[in-house]
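Below is one structure; the comments refer to it alone.
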Number of protein chains: 2
Amino acid sequence: MGESIRIGIAGYGNLGRGVEAAVAKNRDMQLVGVFTRRNPAELATLHAETSVNTMDDLAAHEDRIDVLILCGGSKEDLPQQGPVMAARFNTVDSFDTHARIPEYFETVDAPARAARKTALISAGWDPGMFSINRVYGEALLPDGDTYTFWGRGLSQGHSDAIRRVPGVAAGVQYTLPSEAAIEQVRNGSRPQLETRQKHTRECFVVLADGADPASVREAIVTMPHYFDQYDTEVHFITADELARDHSAMPHGGMTIRSGNTSDDHAQVIEYGLTLESNPEFTASVLVAYARAVHRLNQQGQFGAVTVFDVPPGLLSPKSAAQLRAELL
Amino acid sequence: MGESIRIGIAGYGNLGRGVEAAVAKNRDMQLVGVFTRRNPAELATLHAETSVNTMDDLAAHEDRIDVLILCGGSKEDLPQQGPVMAARFNTVDSFDTHARIPEYFETVDAPARAARKTALISAGWDPGMFSINRVYGEALLPDGDTYTFWGRGLSQGHSDAIRRVPGVAAGVQYTLPSEAAIEQVRNGSRPQLETRQKHTRECFVVLADGADPASVREAIVTMPHYFDQYDTEVHFITADELARDHSAMPHGGMTIRSGNTSDDHAQVIEYGLTLESNPEFTASVLVAYARAVHRLNQQGQFGAVTVFDVPPGLLSPKSAAQLRAELL
């Protein structure tokens, strides 16, 4: 193994904390430090020895970080940070607003190219590993259909939505895939599935003092886009129950390609994730891609790239010869 | 879409026939022809319009084939053909003798490099798609274990083995994964599994006239390496039943990575295939990689490569921008 890869973390929420944990699991990497907009003195990191700095300190670290992992959010942070950081560092991020990926790619590509940096955008599991499997699925079975199911998992966006309903003190929302729909897809029948047939939604809600359960339930299940196209169950629980039973961030799902190689033969490819911690797994994906980005940059591949551009072997600390001998 | 990719098929057994079917499913490809050691006049192809030629005719086609797909066997054909063809064509093959892959890689790499050709070896599903998922799994969850299960599927090697037992007129063998073992792995417990716990074997045998069932059964279940380390069931059937119920070539399996991103959180990644036709699916993989090989060669990447060296996006007929917009 060569020199170790020096990683910086920009932003320290659940994802940044996950990256700190993931770097420790990779022996060819070292963590230079966390860079935050908060007061470093008030940040409690996972490992006591982790160096905590302000974002302004990044300027002094430009030559000491091989890859900077951007752990901010897709709505506010990354559209601003991505292009700025790609002009100064090799970067990896998890930009996940699917509809705006082409536009975001362009804003990162130009500064990265100009600075001879490599910026991998939209890594994680969806976008990320699920996307890779959608591409493989289409390419291997061109006469076919792709199905993506999410869950069982905690949805941050839908949890935020129910917390905005008047009368709701707190709450979480889980997305559940329909087992019946999955079975139909797995058996190769290539069904046409409506939104309502693929997923259901389950809410656990703590009512505000004096709120009426029936009207809160009605407000949730009829909420446009978020819930009205789904079958939704609402359960009322206490604040204690919420804290005890719903603090974890599980998620997962599967992407299935069902296709025919001939009239006689159906073929089914399935890729599934069962995650006890969504942010920790996403972080692990970012860290593996940081290794690839470091190598792509060394090979002279500059500009913005995505998971579609990265050969699988570049994610591994093992050499190409070792991979052929051990894993092919 | 640019010009179509011109494909040649060297060898016409089940795999070559599968490639003929797969090329027809890809609109950016055209089949130049099949090249065979048999008498072309006696070859019945899938499509009447397919051109059938002798292997000697390949010389006249060197400028008319973008990628030659080698459909011979790993034991006799490819060790001889692979290096010879890689000096004349871009090639894709399904060399699947895992232990000899490093040596085979070297014998193909030198002539391909010298001729500025690109030769992708060992594509298919194992080696191939399963290998890719073993690499992704290790890289994403370095603190983890990888499990591969095969089946339910027809095993050619084990079917050949039972047909060599005295008293056996004909027969087939299916490999079955243990559902109990799969459940243990799926729940993240990272079990240590013995060979006998992971798979069982099921044989359907037609007895030769006058053969003794008990001694045939005993000879099969005690056969070293092939059956003695497994729990094996032997069913005796008629030649008619064998022809009616056991002519298909289903296969599949799964590779599972189970790992921890922290002491508190287990994560499970699963990639599974359910194949009604093993050779047709393998052929579809070879054809998708033929597209990638054509592009790698145009990019100037010469020599032997494997699936580990190919970015997922190169398998797709879609452009990088289209993939980002539609599938990321």
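Protein chains get the first letters and strands the later ones, always in sequence-line order, with residue 1 at the start of each. Remember, it's a predicted structure, so these values are computed and weren't measured experimentally.
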Below 4.5 Å from any heavy atom of chain A, which atoms of B:V307 appear? Answer side chain, backbone, both or neither. both
Heavy-atom cut-off 4.5 Å, strictly under: side chain, backbone, both or neither for B:V285 against chain A? both
For B:F130, is it the side chain, the backbone, both, or neither that has a heavy atom closer than 4.5 Å to a heavy atom of chain A? neither
Please state whether the side chain, the backbone, both or neither of B:I256 comes within less than 4.5 Å of a heavy atom of chain A. neither
Interchain contact, B:E280 with chain A, by part (heavy-atom threshold 4.5 Å): both
Flag yes if more than 12 heavy atoms outside B:R100 fall under 6.0 Å of its CZ atom; otherwise flag no. no
Using side-chain heavy atoms (C-beta onward) and a distance below 4.5 Å, is A:L140 in contact with B:M129? yes
Is there side-chain contact between A:L328 and B:F105, with heavy atoms separated by less than 4.5 Å? no
Please determine, among A:A266, A:S258, A:A321, A:P127, the option with the most heavy-atom pairs under 4.5 Å with chain B. A:A266
If you count heavy-atom pairs under 4.5 Å with chain B, which of A:G272, A:A24, A:P250, A:A288 comes out on top? A:G272
Highest number of heavy-atom pairs under 4.5 Å with chain B among A:I269, A:L315, A:N26, A:T146 belongs to A:I269
Can you say whether B:A325 sits under 4.5 Å from chain A via the side chain, the backbone, both, or neither, judging by heavy atoms? both
